Amino acid sequence: MKKKLNSVLQDTFNALAITFPEIILELAKEESFGDLATPVAMSLSKILKKPPRKIAEDIINSISEKNIFEKIEIAGPGFINFTFSKAYLYSEIKALIKMGSSFLREDIGKNRRVQIEFVSANPTGPLHLGHGRGAAFGSALSNLLEAGGYDVECEYYINDAGRQVKLLGISVFARYNQLSGRDYSFPEEGYKGGYVDDIARAIIKNAGNKYSDCRFEDAEAFFIDFSYKMMLENIKKDLRDFGVAFNTWQSERELYQKSEVEHSIDELRRKGYIYEQDGAIWFKATEFGDDKDRVVIKKDGEYTYFAPDIAYHRKKIEKKFDELIDIWGADHHGYIPRIQAVIQAFGYPKESLRVLLVQMVSLLRGGKPVSMSKRAGEFVTLREVVDEVGADTTKFIFLTRRSDSHLEFDLEVAKAQSAENPVFYVQYANARINSIFSHAREQGIHIDKFEETDLGLLTTPEELRMIKKLLTYPMIFEGAVIAHEPHRITFYLQELAGMFHPYYHKHKVVTDDINLTKARLVLCEAVQIVLKDGLEILGLSAPAKM
RNA sequence: GCGCCUGUAGCUCAGUAGGAUAGAGCAACUGCCUUCUAAGCAGUGGGUCAGGGGUUCGAAUCCCUUCAGGCGCGCCA
């Protein structure tokens with residue numbers, strides 16, 4: 001619909017010898033404003049030094065392909081409002097059904113390769129709700145970009161080296177000893193969650209007393225590896241059950257083992273961005289706009305957390321993606337300038353990495369904040385929330401918000417709402433359509449060739465409104481892809497379902513009028529195609545029955 | 001102190017590459033199940049778009065400023 005109007009206007013502008021960078025088309029806010037509107041005449045007013053309404057008139061007079069419109073009007077200060085003809089709308093619905101996804105989805109990506117890194121939670125504990133938000137957003141974004149013609153790779157970065165996994169190993173070692181009946185003090189900073197006991201018990205089960213007389217130093221490698229690997233499996237399971245999939249898992253440890261950390265710093269050194277001061281090795285981040293230079297090797301000779309991240313991002317660059325996306329929790333936003341400094345130091349524009357922030361989730365229960373301290377072991381896991389309120393509902397709560405807006409997730413509210421959650425409203429529309437179809441089949445009604453169905457029988461205001469809504473999906477989709485905002489799809493689906501349910505209530509689809517029945521079945525088919533397309537992008541299920 | 005995010009209906013949030021009279025869900029109240037699924041439908045009430053300036057044909061949207069909340073500002077990760 002938009003594409004068509006755009007090309008019509010482009011032709012018109014060519015005919016009038018007007019050059020204009022981009023013709024803005026927007027959805028009419030009110031039905032009396034037609035279907036699509038453009039404010040272009042107002043923008044041209046200054047350039048052409050003519051009143052906007054006069055310009056609008058000239059444009060309208062020069063439109064050659066008028067037959068696809070029912071009417072074209074000038075309104076307000078100079079808007080041009082276009083209303084499409086019914087015949088055009090009907091033919092578009094048939095095209096929608098015939099082409100399916102390719103009608104709905106715009107090819108924005110043109111096969112460009114994009115990598116999205118998300119979740120990347122430390123394998124030192126189960127995923128919590130904040131990770132769940134990142135997971136829901138990241139996978140919806142990946143589906144969205146994939147649908148928008150990008151070649152997408154989803155990656156999870158595993159922090160399996162360094163202090164945190166070591167601390168997990170120490171914690172597990174302590175519990176292992178305690179559970180074996182020895183007097184062993186638990187480290188002050190250790191992880192205290194119940195899962196630490198689970199790991200210790202698993203070790204007892206597997207290895208028995210084998211490490212009972214060891215000092216930690218002697219059993220270190222085993223305890224660290226066993227612990228983080230068990231946690232990682234746990235995380236992978238949580239993600240699977242949440243319906244989130246990754247293509248690649250990049251290990252931090254591997255970056256060390258393959259000397260990539262070392263080589264990255266060497267490369268920066270060759271480029272002149274590394275220097276020594278106060279016994280430490282620094283990266284000249286200020287050269288690229290960061291507030292301060294950053295230490296990569298500490299005085300004690302250890303790498304900082306930043307060092308493997310340099311190697312990691314160099315590796316991403318080397319994979320030659322057209323676009324890199326990192327999805328981080330907003331508490332890491334201070335980290336953006338230094339990573340973009342790294343990107344630039346390696347000779348790439350900072351725009352080649354796009355960091356999307358997922359804002360904090362405050363978890364509440366009945367209006368009271370729930371502590372989320374990982375170290376203290378007091379936190380509600382993603383799994384617990386999903387078990388309590390359901391995966392689709394949880395995802396939907398995340399996906400009805402912009403990723404960068406703060407989110408209050410109240411377990412009691414989510415649970416209370418889960419029975420009447422908007423996600424069911426959308427899914428129910430799909431299920432209802434199925435039930436209409438099976439009812440039609442029972443009545444012996446079959447549509448052999450939908451192309452031959454007379455959609456001209458769809459004349460009620462509800463039907464026309466719904467047809468127009470369906471035809472705006474490509475616009476919403478395109479906007480969502482460009483803005484990298486899956487939530488636009490969520491809202492669209494709610495609006496579409498919000499048209500279908502009243503329609504269902506007001507008009508019977510299957511009636512004695514066979515031709516009308518067929519036309520309505522075709523419309524239902526179109527609605528279902530769009531609902532399913534949207535649900536699939538969001539990573540939500542589309543149950544056939546509810 | 002500096003930086004980032006946020007402030008829209010009682011609550012949770014859309015609307016932000018400037019566009020016409022600011023929307024939805026929930027909550028509240030009133031009705032609707034012998035007819036394709038009541039996880040549904042119809043109706044009612046609800047606003048100083050945090051405040052103040054500015055930019056222009058036009059601002060919830062852009063700029064400045066004040067206020068409020070969140071998060072960051074380590075040779076931690």
Side-chain angles (χ1 to χ4, degrees), chain A residues 22 24 26 28-30 32-33 37-39 42-43 45-46 51-52 75-79 81 122 124 159 162-165 167 189 277-282 291-292 294-306 308-309 329-337 357 359-360 362 367 397 400-402 404-410 413-414 416-429 431-440 442-443 479 482-483 485 487-488 490-492 494-495 497-498 500-511 517 520-521 524 543 545-546:
Chain A
E22 202 197 351
I24 294 167
E26 45 202 36
K29 277 196 172 169
E30 272 183 50
S32 62
F33 297 160
T38 180
M42 281 148 10
S43 316
S45 165
K46 202 174 280 176
F79 290 96
N81 295 336
N122 283 348
T124 53
N159 294 112
R163 178 158 301 174
Q164 295 309 314
V165 283
L167 194 55
E189 292 287 294
Q277 190 182 309
D278 304 329
I281 305 295
W282 299 70
D291 297 340
K292 20 185 131 157
R294 306 293 174 175
V295 172
V296 290
I297 303 176
K298 295 183 271 182
K299 209 168 3 186
D300 64 7
E302 294 280 319
Y303 287 108
T304 60
Y305 178 85
F306 183 43
D309 262 355
D331 52 343
H332 291 89
H333 74 263
Y335 211 71
I336 296 175
L357 296 177
Q359 273 295 345
M360 304 284 92
S362 353
I397 288 172
T400 40
R401 285 149 173 88
R402 277 201 341 260
D404 63 352
S405 70
H406 299 265
L407 166 58
E408 284 192 7
F409 196 111
D410 192 311
V413 174
Q417 276 187 8
S418 69
E420 299 178 32
N421 193 278
V423 71
F424 298 120
Y425 187 78
V426 175
Q427 291 172 327
Y428 188 46
R432 252 185 171 168
I433 290 171
N434 276 333
S435 132
I436 292 171
F437 288 161
S438 54
H439 179 72
E442 283 163 20
Q443 303 296 311
I482 291 169
E485 291 181 347
H487 76 271
R488 298 190 188 199
T490 321
F491 280 86
Y492 172 88
Q494 289 189 82
E495 287 162 13
F500 177 75
H501 288 302
Y503 172 68
Y504 171 90
H505 188 258
K506 194 165 174 185
H507 302 286
K508 263 185 90 83
V509 173
V510 180
T511 61
T517 299
R520 287 184 170 170
L521 285 172
C524 287
K545 273 189 181 179
M546 289 175 73

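In what follows, every chain begins at residue 1, and chains take the letters A, B, ... in the order their sequences are listed. Source: prediction; values computed, not measured.
At the heavy-atom level, Asn159(A) lies nowhere under 4.0 Å from the strands shown. Among the atoms of the strands shown, base atoms are found under 4.0 Å from some heavy atom of Ala37(A). Across all strands shown, Ile297(A) has no heavy atoms under 4.0 Å from either base or sugar-phosphate atoms. Backbone-only contact: His487(A) has heavy atoms under 4.0 Å from sugar-phosphate atoms and none from a base.
The nucleotide whose nearest atom lies closest to any side-chain atom of Pro77(A) is, among C75(B), G19(B), C36(B), G19(B). Between C13(B), A77(B), G19(B), one nucleotide has an atom nearer to the side chain of Ser405(A) than all others, and that is C13(B). Distance from the side chain of Tyr504(A) is smallest for A38(B) among the nucleotides A38(B), G70(B), G19(B).
In the displayed structure, Lys298(A) atom NZ is contacted under 6.0 Å by more than 12 heavy atoms of other residues, nucleotides or ligands.
OP1 or OP2 of A38(B) has at least one side-chain nitrogen or oxygen of Arg432(A) nearer than 4.0 Å. Distances shorter than 4.0 Å separate none of the side-chain N or O atoms of Lys29(A) from OP1 or OP2 on G15(B). Side-chain N/O atoms of Lys292(A) include none lying less than 4.0 angstrom from OP1 or OP2 on G3(B). Distances shown here put every side-chain N or O of Tyr503(A) at or beyond 4.0 Å from the OP1 or OP2 atom of C36(B). Within the 4.0 Å cut-off from OP1 or OP2 of C57(B), at least one side-chain nitrogen or oxygen of Lys46(A) is found.
At a cut-off of 3.5 Å, with distance as the only test, a side-chain donor of Arg520(A) or Tyr503(A) sits close to an acceptor on the other residue.
As rounded to whole Å, 14 Å separates atom C1' of C11(B) from atom CD1 of Ile397(A). In this structure, the CD atom of Glu408(A) is 12 Å from the C1' atom of U6(B), given to the nearest Å. Atom pair Phe500(A):CZ and A24(B):P shows a separation of 21 Å (rounding to whole Å applied). Atom CZ of Arg294(A) is separated from atom C1' of G74(B) by 9 Å (rounded to the nearest Å).
Stacking between Phe79(A) and G19(B) is absent: the aromatic ring centre is not both under 5.5 angstrom from the base six-membered ring centre and within 30 degrees in plane angle.
Interface remark: the Asn81(A) side chain does form a donor-acceptor pair with the A20(B) base, using a distance-only criterion of under 3.5 Å. You'll find a donor-acceptor pair under 3.5 Å spanning the side chain of Glu30(A) and the base of U21(B), going by distance alone. Put simply, the side chain of His406(A) and the base of G7(B) share no donor and acceptor less than 3.5 Å apart.
Comparing Tyr335(A) and His501(A), the nucleotide of RNA chain B nearest to each residue sits closer to the 5' end for His501(A).
Remark: G25(B) base-pairs with C11(B). Criterion, Watson-Crick or G-U wobble with two distances under 3.5 Å.
C33(B): glycosidic angle within 90° of 0, hence syn.
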